[in-house]
There are 2 protein chains.
Amino acid sequence: MLPSSTVENYLKALYQAESSLEDKALVPMGQLATAVGVAPGTATTMVKALAESGLVDYEPYVGVRLSSAGTKLAALVLRRHRLIEQFLVEVMGMSWAEVHEDAEQLEHVVSDRLVERMDAMLGHPSVDPHGDPIPTADGNIAAPDYHSLLTCPLHTAVRVTRVTDQDASFLRFLEKQHLKPGHSLEVEVRDSAADSVQLRTGAGLRITIGTQAASKVLIEVS
Amino acid sequence: MLPSSTVENYLKALYQAESSLEDKALVPMGQLATAVGVAPGTATTMVKALAESGLVDYEPYVGVRLSSAGTKLAALVLRRHRLIEQFLVEVMGMSWAEVHEDAEQLEHVVSDRLVERMDAMLGHPSVDPHGDPIPTADGNIAAPDYHSLLTCPLHTAVRVTRVTDQDASFLRFLEKQHLKPGHSLEVEVRDSAADSVQLRTGAGLRITIGTQAASKVLIEVS
DNA sequence: TTCTATATTTTGAGTTGTCAAAACAGAACT
DNA sequence: AGTTCTGTTTTGACAACTCAAAATATAGAA
């Protein structure tokens with residue numbers, strides 16, 4: 001029962017769906033299906049097979065949840081993915097905006113040997129270029145609870161630490177505005193009517209972004 | 001009709017089978033099947049599909065040959081494979097004996113972007129760690145006609161330039177005996193009755209190897 | 001030429017992963 | 001309770017790839 005890349009993709013999608021969900025909640029089929037990019041019926045079939053193998057707990061018509069075995073496996077897939085991203089940026093000199101797709105492919109074929117080599121070369125990094133935490137080899141992950149630009153205090157110096165979206169054009173936008181992880185800024189105004197957030201970047205520039213975008217930029221008070 | 005990794009493996013196997021064969025000859029099904037590692041019938045089925053797509057010419061009961069389109073594609077697979085091997089050795093510090101398996105997997109998923117990045121980082125190398133020539137991005141390959149330890153002149157200083165076997169234990173053996181590409185030696189005796197070749201390495205050591213092994217070590221008179 | 005050995009092809013079947021569309025369950029709304 | 005909406009599951013089918021074993025072709029030996 002060696003997990004195919006298909007299986008790995010389902011587990012990874014579940015892992016990420018669960019983390020943006022209250023504890024104990026089940027991930028509904030439809031959500032999983034769209035996350036993986038398959039028709040709903042396909043997800044049902046696959047999930048039943050995963051449940052057979054003990055990787056998930058499945059309640060028909062309700063949803064799925066990773067078992068502990070499934071969680072561990074998913075964490076290892078995520079570890080590979082994020083180490084690869086970090087490697088592509090740090091060693092290969094690629095842009096943080098373009099490494100996601102490559103990592104998506106590579107994560108299913110790199111050997112343990114290679115992963116650990118990358119990890120060592122990078123000095124055992126704890127986060128990837130987007131600030132996402134990298135699980136350890138035994139499947140543990142630091143799960144920090146960041147504020148976002150939507151929830152952080154106003155008029156306070158904060159530092160971008162993580163960006164929870166992999167869309168290349170969004171990432172390029174952030175880069176251009178000096179909003180990559182590590183950069184400082186202050187939130188000046190939130191206007192819920194206008195659905196916008198106005199901020200001043202470290203470079204002193206005022207920019208306004210939508211709340212959707214703002215919620216994807218996580219920060220730490222600095 | 002994007003070629004799957006399965007297709008790529010058939011093409012690569014054909015490419016390599018053809019190069020150790022007289023020109024114009026067809027590769028017999030059985031040989032292809034064992035090279036790819038499938039049952040004979042499977043190869044037949046696949047080859048018929050490849051012929052459909054114009055990647056090979058197929059004569060039933062006789063054999064297969066790559067078309068020009070197939071040759072080009074195979075060369076690109078080989079390019080990826082060999083650049084990856086070189087990368088794993090030069091950049092990742094892995095042993096030349098252990099990179100083949102990793103490259104075998106990676107060759108099917110690395111993006112063009114990534115391949116060209118590796119190529120640039122390595123300074124556009126012309127050979128991989130085993131001395132195998134790396135095809136260019138447009139599918140051309142230098143096809144030098146080396147001597148082997150079986151055909152080179154005796155008592156003449158020669159330099160190992162290429163090793164045509166990927167078996168890890170054989171490669172480790174060569175490494176230990178200072179027979180990696182680049183090292184010098186002289187062939188002292190060939191004994192066809194004993195099926196052996198005796199040589200003196202650059203380090204002055206006398207060693208004797210079988211003719212099977214000797215034929216896989218290609219050299220240049222230095 | 002006939003027989004035989006060997007290689008190749010066919011056939012029938014299985015696996016994995018997928019979809020479209022029909023059938024169905026559960027919750028919410030009269 | 002009955003109806004409707006939405007999401008889920010079932011069903012039947014298909015594509016890619018594979019195998020084992022039966023059928024067949026080719027070439028060489030008798």
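For the numbers below, each heavy atom of this structure counts, side chains included, while hydrogens, waters and symmetry mates do not. Protein chains get the first letters and strands the later ones, always in sequence-line order, with residue 1 at the start of each.
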- prompt: For residues 110-121 of chain B, which residue pairs qualify under side chain to side chain donor-acceptor pair (under 3.5 Å), counting only residues two or more places apart or in two chains?
  reply: A/D102-B/S111, A/D102-B/R113, B/R79-B/E116, B/R79-B/D119, B/D119-B/H124

Working to the nearest 0.5 angstrom, can you tell me the gap between [X] [atom1] and [Y] [atom2]?
| X | Y | atom1 | atom2 | value |
| --- | --- | --- | --- | --- |
| B/M118 | B/E85 | CE | CD | 11.0 Å |
| A/L14 | A/R65 | CG | CZ | 11.0 Å |
| B/E98 | B/E101 | CD | CD | 9.0 Å |
| A/L149 | A/L218 | CG | CG | 8.0 Å |
| B/D191 | B/T208 | CG | OG1 | 9.5 Å |
| A/Y15 | A/L66 | OH | CG | 9.0 Å |

Is there a donor-acceptor pair under 3.5 Å between the side chain of [X] and the backbone N or O of [Y]?
| X | Y | result |
| --- | --- | --- |
| B/S196 | B/S192 | no |
| B/R172 | B/A97 | no |
| A/S215 | A/L150 | no |

message: If the condition is salt bridge (Lys or Arg N to Asp or Glu O under 4.0 Å), which residues does B/E220 pass it with, not counting sequence neighbours?
response: B/R159

query: Partners of B/E104 by salt bridge (Lys or Arg N to Asp or Glu O under 4.0 Å), sequence neighbours excluded?
result: B/K12

- request: Could you tell me how the ring of A/F87 sits relative to the ring of B/F87: parallel (under 30°), tilted (30 to 60°) or perpendicular (over 60°)?
  value: perpendicular

message: I need the minimum non-hydrogen distance between A/Q86 and A/V127, along with the two atoms involved.
response: OE1-O, 3.6 Å

field: DNA chain C contacts made by residues 11-18 of chain B, counting heavy atoms under 4.0 Å
entry: none

- prompt: So which of residues 33-46 of chain B are in contact with DNA chain C, with a heavy-atom cut-off of under 4.0 Å?
  reply: B/P40, B/G41, B/T44

message: Please report the distance, rounded to the nearest Å, between CG in A/L50 and C1' in C/dG17.
response: 12 Å

statement: Sorted by chain and number, sequence neighbours left out, ring-ring contact (aromatic ring centres under 6.0 Å, His included) with A/H100 holds for A/H81

field: Helical bend (five base pairs per end, nearest 10°) for the helix from C/dT1-D/dA30 to C/dT30-D/dA1
entry: 30°

Are there any protein N/O atoms within less than 3.5 Å of an N/O atom in nucleotides 2-5 of chain C, and if so, which ones and at what distance?
none

message: Closest-nucleotide mapping onto DNA chain C: is A/Y61 or B/M29 further toward the 5' terminus? I mean the 5' end.
response: B/M29

- request: With sequence neighbours left out, write down each residue that passes side-chain hydrogen bond (donor to acceptor under 3.5 Å, both in side chains) with B/T211, or none if nothing qualifies.
  value: B/D195

Identify the pairs formed between an N or O of the protein and an N or O of nucleotides 14-16 of chain C at a distance under 3.5 Å, and give each distance.
none

Where chain B begins and ends its contact with DNA chain D, read 5' to 3' at 4.0 Å from heavy atoms: D/dC17 to D/dA25

Counting only pairs under 3.5 Å, give me each side-chain donor-acceptor contact of residues 28-46 of chain A, with atom names and distances, residues two or more places apart or in other chains.
from: A/T34; atom 1: OG1; to: A/G30; atom 2: O; distance (Å): 3.1
from: A/T34; atom 1: OG1; to: A/Q31; atom 2: O; distance (Å): 3.0
from: A/T44; atom 1: OG1; to: A/P40; atom 2: O; distance (Å): 3.4
from: A/T45; atom 1: OG1; to: A/G41; atom 2: O; distance (Å): 2.9

